[in-house]
Protein chains: 2
Amino acid sequence: MSVESVLIPFKNQQHNHESCIKSALADAEAACSKAGMRLTKIRRQVFELVWSSHAPVKAYDILAQLHQENPRAAPPTVYRALDFLLSVGLVHRIESLNAYIGCGDPSQPHIGQFLICEACGAVAEMNAQKITRLLRKQAEQLGFKTVNQLVEIRGLCPQCT
Amino acid sequence: MSVESVLIPFKNQQHNHESCIKSALADAEAACSKAGMRLTKIRRQVFELVWSSHAPVKAYDILAQLHQENPRAAPPTVYRALDFLLSVGLVHRIESLNAYIGCGDPSQPHIGQFLICEACGAVAEMNAQKITRLLRKQAEQLGFKTVNQLVEIRGLCPQCT
DNA sequence: GAACAATATGTTATAACATAACGTTTTTTG
DNA sequence: CAAAAAACGTTATGTTATAACATATTGTTC
Ligand SMILES: [Zn+2]
Ligand SMILES: [Zn+2]
Ligand SMILES: [Zn+2]
Ligand SMILES: [Zn+2]
């Protein structure tokens, strides 16, 4: 697997996560600006909360955090912001967890393949063309035209093995 | 892809679905008997409702149907039956739809890879070792130990293309 | 900068999906 | 049959997500 296909590797606990967040925010500004979309205060807050760790975050947990700064926030507040971030490709939804995680490379919209640690909750993101192509090819052999793909792999990350 | 890896192909509308159900029921009896588990009346009813088509079925839809024969059914009635059927490997859960579908080959427990038609809702099931192995291998290269895999491919089935 | 349109957010309510907890019935086993 | 285990009934509640409509903010045109 080429290194390019790893969008977010598993990080050690000591890594400087502030710099992850800072870099993600810069990417988000760039992506929104490029798309002519507005990264409003609420959207930015939700984005930062999604990026608060490398584990997926749940909508109602985001809401609880958001309440600290914005007592008027309600479920639609969060879901609208998440829908926006999803549409711009800044976050991904982990279907098997009903949770959301920051995208490792919003510069190129993609679907992503996720490795989910069942012990610590950490998630790594890949975008391996080899997988994408094989899935598409296998589907084709059944006469199926692929629109998009969902790949979520559960197991144990390097730290937890 | 070997034909063996296709557990449920896309069927045409004219196929005899009664025979699908009949065959699935026979498989279910066999699987339960082999596992020393009981396919009770409720479990069988839920199983038949899951098999009512080749599209995934939602828990509360099952509940509504079940009510016709069993007015006392409540959400736990359905979820218990589904949990049982999942544990025995008779049905699969489609995570991206919060819905359930009959397994194409309960004789060998497996996870399955699903092709979901966005037009008609039909689902085909594969169990392609090639995919399973590639995903495992790619994960391994990130130091990740795979426990299980979720693959759901969205697109258009042969009839809807 | 006033008028208007478009976008974003507030607000209330409810829909949709799932489980906890505990009591009763049915089945199995000794 | 008695005891234990499994399945089911029942009530309540937890969790996830959206509908519908009001208000506020931002961008555009004149
Ligand atoms: Zn980090
Ligand atoms: Zn881990
Ligand atoms: Zn059929
Ligand atoms: Zn179709």
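As the structure is a computational prediction, the values presented were derived from the model and not from experiment.
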In whole angstrom, what separates [X]'s [atom1] from [N]'s [atom2]?
{"X": "A/His67", "N": "C/dT11", "atom1": "NE2", "atom2": "C1'", "answer": "12 Å"}
{"X": "B/Phe84", "N": "D/dA5", "atom1": "CZ", "atom2": "C1'", "answer": "15 Å"}
{"X": "B/Ile94", "N": "C/dC17", "atom1": "CD1", "atom2": "P", "answer": "15 Å"}
{"X": "A/Ile62", "N": "D/dT16", "atom1": "CD1", "atom2": "P", "answer": "11 Å"}
{"X": "B/Leu63", "N": "C/dT19", "atom1": "CG", "atom2": "C1'", "answer": "14 Å"}
{"X": "B/Leu82", "N": "D/dC8", "atom1": "CG", "atom2": "C1'", "answer": "15 Å"}
{"X": "A/Asp61", "N": "D/dT15", "atom1": "CG", "atom2": "P", "answer": "10 Å"}
{"X": "B/Leu86", "N": "C/dT19", "atom1": "CG", "atom2": "P", "answer": "10 Å"}

Ignoring backbone atoms, establish whether [X] has a side-chain N or O less than 4.0 Å from OP1 or OP2 of [N].
{"X": "B/Arg43", "N": "D/dC8", "answer": "yes"}
{"X": "A/Lys58", "N": "D/dT16", "answer": "yes"}
{"X": "A/Tyr79", "N": "C/dT9", "answer": "no"}
{"X": "B/Thr40", "N": "D/dC8", "answer": "yes"}
{"X": "A/Arg72", "N": "C/dT11", "answer": "yes"}
{"X": "A/Arg93", "N": "D/dA17", "answer": "yes"}

Candidates D/dA17, C/dG10, D/dG9 - which lies nearest the side chain of A/Ala59: D/dA17
Nearest to side-chain heavy atoms of A/Arg80, which nucleotide of C/dT9, D/dT18, D/dT11: C/dT9
Nearest-nucleotide comparison on DNA chain C, the residue closer to the 5′ end among A/Met37 and A/Ala74: A/Met37
Same apolar cluster: A/Phe84 and A/Leu66, side chain cutoff 4.5 Å: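 Yes, A/Phe84 and A/Leu66 fall within the same hydrophobic cluster.
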Sugar-phosphate only, base, or nothing, as touched by A/Asn70 at under 4.0 Å among non-hydrogen atoms: sugar-phosphate
N/O donor-acceptor pair, side chain A/Arg38 with base D/dG27, under 3.5 angstrom: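 Check fails, no donor-acceptor contact within cut-off.
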Donor-acceptor pair under 3.5 Å, A/Tyr60 side chain vs D/dA17 base: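 In this structure, the two groups form a donor-acceptor pair.
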A/Val50 and A/Phe47: CA distance, side-chain angles, deciding distance, side-chain contact (heavy atoms from CB on, under 4.5 Å) verdict: CA-CA 5 Å; A/Val50 168; A/Phe47 183 74; 5.5 Å; no
Side-chain donor or acceptor of A/Gln159 paired with backbone N/O of A/Lys11 under 3.5 Å: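 Yes: the side chain of A/Gln159 pairs with the backbone of A/Lys11.
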Side-chain H-bond candidate by donor/acceptor type, B/Glu152 with B/Ser96, under 3.5 Å: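 A pair is found: one side chain offers a donor N or O, the other an acceptor, under 3.5 Å apart.
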Working for side-chain contact (heavy atoms from CB on, under 4.5 Å), residues B/Gln113 and B/Thr132: CA-CA 9 Å; B/Gln113 297 132 4; B/Thr132 305; 3.2 Å; yes
